[in-house]
Amino acid sequence: MEKLGDYIALFTPYAMRLSLIEMLLLAFILILFILFFVLGILIKDRGGWAFLPIGIAFSLLGSSPWIVEMAMKKVFHPIELNLGFNQRLSFTEAFFVDGVITNQSSRTFRGCVVTIKLAPPSSKPMDEIRYRLKPLVVKKETILRPLFPRESLTFQYTVDNLNYEGALTSKIEVSCF
């Protein structure tokens, strides 16, 4: 029994990062997994139809991190990002990003992380996938300021020392905690 307790204790640092809503969503997905898996076992005598609920069960289990992340960003903790200026400066090798983050949820956030990804524009699908997975520049900035409900926060960041001379496209992501 002590080994089981030690094994469970390994997951406590990860569980402490989850909020109550995230834990409830994961528990709901686990219940759906069990229900579909048992349904698949119960109808195994019906021929090939047993693989459908079992496949749904395992796809729910495999996609649960993405389901929880999408639900948290879109439903429970929505954030609005409005960019004012988002391009390379004219006479320097710097990229300037200016924007406003607005808290659309009813929860107060302790801070936000702004991620700026810069990549060259590509017309080939393989280059687009490559630069989506590994952009030329990734800069993460942490804003440690409380963001109350319906409050806005202005940010301005400069990405200096770019070694790329051509045009750049940017993808700016914001997540608050």
Side-chain angles (χ1 to χ4, degrees), residues 7-40 51-84 86 95 97-122 125-157 159 168-177:
Y7 183 71
I8 292 173
L10 290 174
F11 294 105
T12 54
Y14 301 109
M16 296 305 255
R17 296 180 187 168
L18 299 175
S19 67
L20 178 64
I21 296 172
E22 291 170 328
M23 288 185 194
L24 289 174
L25 279 172
L26 286 172
F28 180 71
I29 292 172
L30 181 66
I31 290 170
L32 284 177
F33 167 75
I34 292 170
L35 287 175
F36 277 110
F37 189 75
V38 169
L39 181 67
F51 291 111
L52 183 66
I54 291 176
I56 291 172
F58 281 106
S59 65
L60 269 174
L61 190 65
S63 64
S64 62
W66 291 282
I67 293 171
V68 169
E69 181 182 355
M70 186 177 6
M72 295 305 287
K73 283 186 176 180
K74 303 287 183 191
V75 178
F76 295 109
H77 300 149
I79 299 166
E80 183 180 337
L81 174 65
N82 294 324
L83 295 175
N86 180 25
F95 197 90
V97 177
D98 177 27
V100 177
I101 303 168
T102 305
N103 183 0
Q104 298 291 330
S105 71
S106 60
R107 178 179 178 232
T108 300
F109 295 119
R110 292 177 288 163
C112 295
V113 177
V114 178
T115 306
I116 303 166
K117 296 179 182 179
L118 301 175
S122 59
M126 289 304 291
D127 286 342
E128 186 176 330
I129 292 170
R130 185 177 87 200
Y131 286 125
R132 184 176 294 172
L133 294 176
K134 190 175 180 187
L136 290 176
V137 177
V138 176
K139 183 175 182 180
K140 291 186 178 186
E141 294 289 337
T142 304
I143 303 169
L144 294 175
R145 181 180 161 253
L147 189 59
F148 298 104
R150 308 290 179 232
E151 184 183 20
S152 295
L153 172 72
T154 303
F155 68 91
Q156 295 179 346
Y157 292 114
V159 180
L168 290 170
T169 60
S170 65
K171 183 175 183 184
I172 289 95
E173 298 173 349
V174 176
S175 59
C176 293
F177 54 92

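Values in this document were obtained by computation on a predicted structure and should not be read as measured data.
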Subject >> Sequence neighbours excluded - side-chain hydrogen bond (donor to acceptor under 3.5 Å, both in side chains) pairs with any residue from residues 62-73 >> reply: E69-K73

Subject >> Nearest non-hydrogen partners of V100 and F155, listed with the distance >> reply: N-CE2, 4.0 Å

**OP:** Please test T154 against D98 for side-chain contact (heavy atoms from CB on, under 4.5 Å), starting from the C-alpha separation and ending with a verdict.
**Re:** CA-CA 8 Å; T154 303; D98 177 27; 4.1 Å; yes

Subject >> More than 12 heavy atoms from other groups under 6.0 Å of CZ on R107 >> reply: yes

**OP:** Look up atom CG in L39 and atom CG in L52, then write down how far apart they are to the nearest 0.5 Å.
**Re:** 9.0 Å

Original post:
Which of these, T169, V159, V138, sits in a side chain to side chain contact (heavy atoms under 4.5 Å, CB included) with L118?
Top reply: V159

**OP:** Enter the distance from K117:NZ to E173:CD here, rounded to the nearest 0.5 Å.
**Re:** 4.0 Å

Original post:
What distance separates T108 OG1 from E151 CD, expressed to the nearest 0.5 Å?
Top reply: 8.5 Å

**OP:** Decide yes or no on side-chain contact (heavy atoms from CB on, under 4.5 Å) for S170 and V97, but give the supporting numbers first.
**Re:** CA-CA 9 Å; S170 65; V97 177; 5.8 Å; no

**OP:** Examine distances only and state if a side-chain atom of R150 and a backbone atom of Q104 form a donor-acceptor pair shorter than 3.5 Å.
**Re:** yes

Original post:
From E141 CD over to C112 SG, what is the distance, rounded to the nearest 0.5 angstrom?
Top reply: 13.0 Å

**OP:** Ignoring hydrogens and angles, tell me if any N or O in the side chain of S122 forms a donor-acceptor pair with the backbone of E128 under 3.5 Å.
**Re:** yes

Subject >> Minimum heavy-atom distance between S105 and H77, given as atom pair plus value >> reply: CB-CA, 3.9 Å

Original post:
What closest approach, in Å, do G62 and P65 show between heavy atoms, and which atom pair accounts for it?
Top reply: O-CD, 3.7 Å

Original post:
For the rings on F58 and F33, is their centre-to-centre separation under 6.0 Å?
Top reply: yes

**OP:** Answer yes or no: is there a side-chain heavy-atom contact under 4.5 Å between L147 and T102?
**Re:** no

Subject >> I172 vs V114 side-chain heavy atoms within contact, under 4.5 Å >> reply: yes

Original post:
Got a sec: does the CZ of F28 have more than 12 other heavy atoms crowding it under 6.0 Å?
Top reply: no

Subject >> Closest non-hydrogen atom pair between F109 and C176, with its separation >> reply: CG-CB, 3.6 Å

Original post:
What distance separates T115 OG1 from Y157 OH, expressed to the nearest 0.5 Å?
Top reply: 10.5 Å

**OP:** Return the minimal non-hydrogen interatomic distance between I67 and I29, and the atom names on each side.
**Re:** CG2-CD1, 3.9 Å

**OP:** Could you walk me through whether L25 and F76 pass the side-chain contact (heavy atoms from CB on, under 4.5 Å) test, one step at a time?
**Re:** CA-CA 11 Å; L25 279 172; F76 295 109; 3.8 Å; yes

Original post:
Side chains of N103 and I101: closer than 4.5 Å at any heavy-atom pair?
Top reply: no

**OP:** To the nearest 0.5 angstrom, please state how far the NZ atom of K140 sits from the CD1 atom of I116.
**Re:** 12.0 Å

**OP:** Evaluate whether atom CZ of F36 has more than 12 neighbouring non-hydrogen atoms of other residues, nucleotides or ligands under 6.0 angstrom away.
**Re:** no

**OP:** Using atom types as modelled and distance alone, determine if a side-chain donor or acceptor of D127 lies under 3.5 Å from a backbone N or O of Y131.
**Re:** no

